[in-house]
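Note that the structure is predicted; figures quoted are calculated from it, not measured. Naming: A, B, ... by sequence-line order, numbering from 1 per chain.
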2 protein chains.
Amino acid sequence: MKLSEGVEAAIHCAALLAGLAPGKTLPAAALAEYHGVSASYLVKHLNRLAAAGVLVSVPGPHGGYRLGRSAKRISLLDIVLAVEGPEPAFRCAEIRQRSPGALEPDAYQKPCGIKVAMLKAEQAWRQALRAERLADVIAGYEAEADPRALAFGCAFLQRHQRPGDAAAMSASPDPQ
Amino acid sequence: MKLSEGVEAAIHCAALLAGLAPGKTLPAAALAEYHGVSASYLVKHLNRLAAAGVLVSVPGPHGGYRLGRSAKRISLLDIVLAVEGPEPAFRCAEIRQRSPGALEPDAYQKPCGIKVAMLKAEQAWRQALRAERLADVIAGYEAEADPRALAFGCAFLQRHQRPGDAAAMSASPDPQ
DNA sequence: TATATCTTGGATATTTTTTATCTTCAATAG
DNA sequence: CTATTGAAGATAAAAAATATCCAAGATATA
């Protein structure tokens, strides 16, 4: 029962990227530096997030990463699933069929009750993650964090942000 | 986001042990054979369950494992926590303090909002697991499973059960 | 004392996670 | 229009965690 460390970094990255001006991007190296994590590892998570549509990656000297849609429409579940993969945490290996008294496979049409119960509980977890939107997390952060930390974040963004792709601005006309 | 493989075996073991007559025990070797898993590895999970009080281990030639309390009072959460440990799946490494612009530690008294949101979702998962009682899972199993599989399970228990410890019978006067 | 069981610790193998290195791509300068 | 540069993307290697197995010790029964 362990979430990979990358999930924490991924969420923090998304939260930071939400502060970018529309269309601008931030390179992976800057994200890694800001969070004090290995850049080569972070890139893997960023790519998965991009593949899932949570982020958009822009190649080239002006490139980097930015959010794929508004922070209001990104849930923590989107991020967790992108990084960890869609498979449920509980994987039923059908050990009920490995018994010495196992029947023919047809006798196990109905799903294993243990699997059903475990997956049902997991749905509750996913539902709760789905309800947590990135925008809300950021709002809470801005309300509670030390003003100096906030200011540093803004300055950092100003310093490292890249123009991104000009065409992208018109394609993502939903700020915040 | 992955539950260790032992969780599935642990739940199946607990479900099988619930079918024992009060006071009787089943050796680890029988549990491993019934589920087609490695005995030496299963023992580690059984011992964790015993340490948590979910199971009781009885040494000696008449020994083996049995439930530590009635199946009604054992939740899937009890089993999952016993096997996986009590730590939450999301472990906040406080990477917000690893930023190049980090402040003194005192500035981070308030908990990280991301951590709070993730732990809140995890509480929903645990709550759902807590609501799933072993007795309910077994009832569902008995209602849906193939009668032949049920019969084999009973016969297997009859064949392999051990007398257990005589003193234990009076100590656990809550059947089912 | 002999046996059947749990208990404990370590050795080994497999998988997953993390880090490092190299290749490809697109924008700009000359 | 080619070369350079700063970035993403892909591949390979190192480290860590997990799963499995094996063997010697402890405990209780007969």
Distance check needed: [N] [atom2] versus [X] [atom1], whole Å only.
X	N	atom1	atom2	value
B/Y41	C/dG9	OH	P	17 Å
A/E84	C/dT18	CD	P	9 Å
B/E87	D/dT18	CD	P	10 Å
B/K44	C/dA11	NZ	C1'	10 Å
A/E5	C/dT16	CD	C1'	14 Å
B/R91	D/dA16	CZ	C1'	12 Å
B/H45	C/dC6	NE2	C1'	17 Å
A/H35	C/dT19	NE2	P	15 Å

(request) Following the transitive rule for hydrophobic clusters with a side-chain heavy-atom cut-off under 4.5 Å over Ile, Leu, Val, Met, Phe, Trp and Tyr, establish whether A/L119 and A/V80 coincide in one cluster. (result) yes
Considering just the side-chain nitrogens and oxygens of [X], establish if one lies under 4.0 Å of OP1 or OP2 belonging to [N].
X	N	result
A/H62	C/dT28	yes
A/R162	D/dA7	yes
B/Y65	C/dT7	yes

Touch check for [X], heavy atoms < 4.0 angstrom, all strands: base, sugar-phosphate only, or nothing?
X	result
A/S40	base
A/G64	sugar-phosphate
B/A29	nothing

(request) Would you mind telling me which residue lines up with the more 5' stretch of DNA chain D, B/A39 or A/P59, judged by nearest nucleotide? (result)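 The answer here is A/P59.
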(message) Taking the side chain as everything from C-beta on, heavy atoms only, tell me whether B/L67 gets closer than 4.5 Å to B/L20.
(response) no
Can you tell which of [options] lies closest to the side chain of [X]?
X	options	result
A/P61	D/dA8, D/dA28, D/dT5	D/dT5
A/N47	D/dG9, C/dA4, C/dA26	D/dG9
A/S38	C/dC6, D/dA19, C/dT19	C/dT19

(request) Take the angle between the ring planes of A/F156 and A/F152 and call it parallel below 30°, perpendicular above 60°, tilted in between. (result)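 Tilted.
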Between side-chain atoms of residues 94-103 of chain B and protein atoms elsewhere (two or more places apart, or another chain), which donor-acceptor pairs fall under 3.5 Å?
residue	atom	partner	partner atom	Å
B/E94	OE1	B/R96	NE	2.8
B/E94	OE1	B/R96	NH2	3.4
B/E94	OE1	B/Q97	NE2	3.0
B/R96	NH1	B/K110	O	3.2
B/R96	NH2	B/Y108	O	3.4
B/R96	NH2	B/K110	O	2.9
B/R98	NE	A/G36	O	3.4
B/S99	OG	B/G101	N	3.0

(request) First locate atom CZ of A/R66, then atom CZ of A/R162, and finally report the distance between them rounded to the nearest 0.5 Å. (result)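 Those atoms lie 15.0 Å apart.
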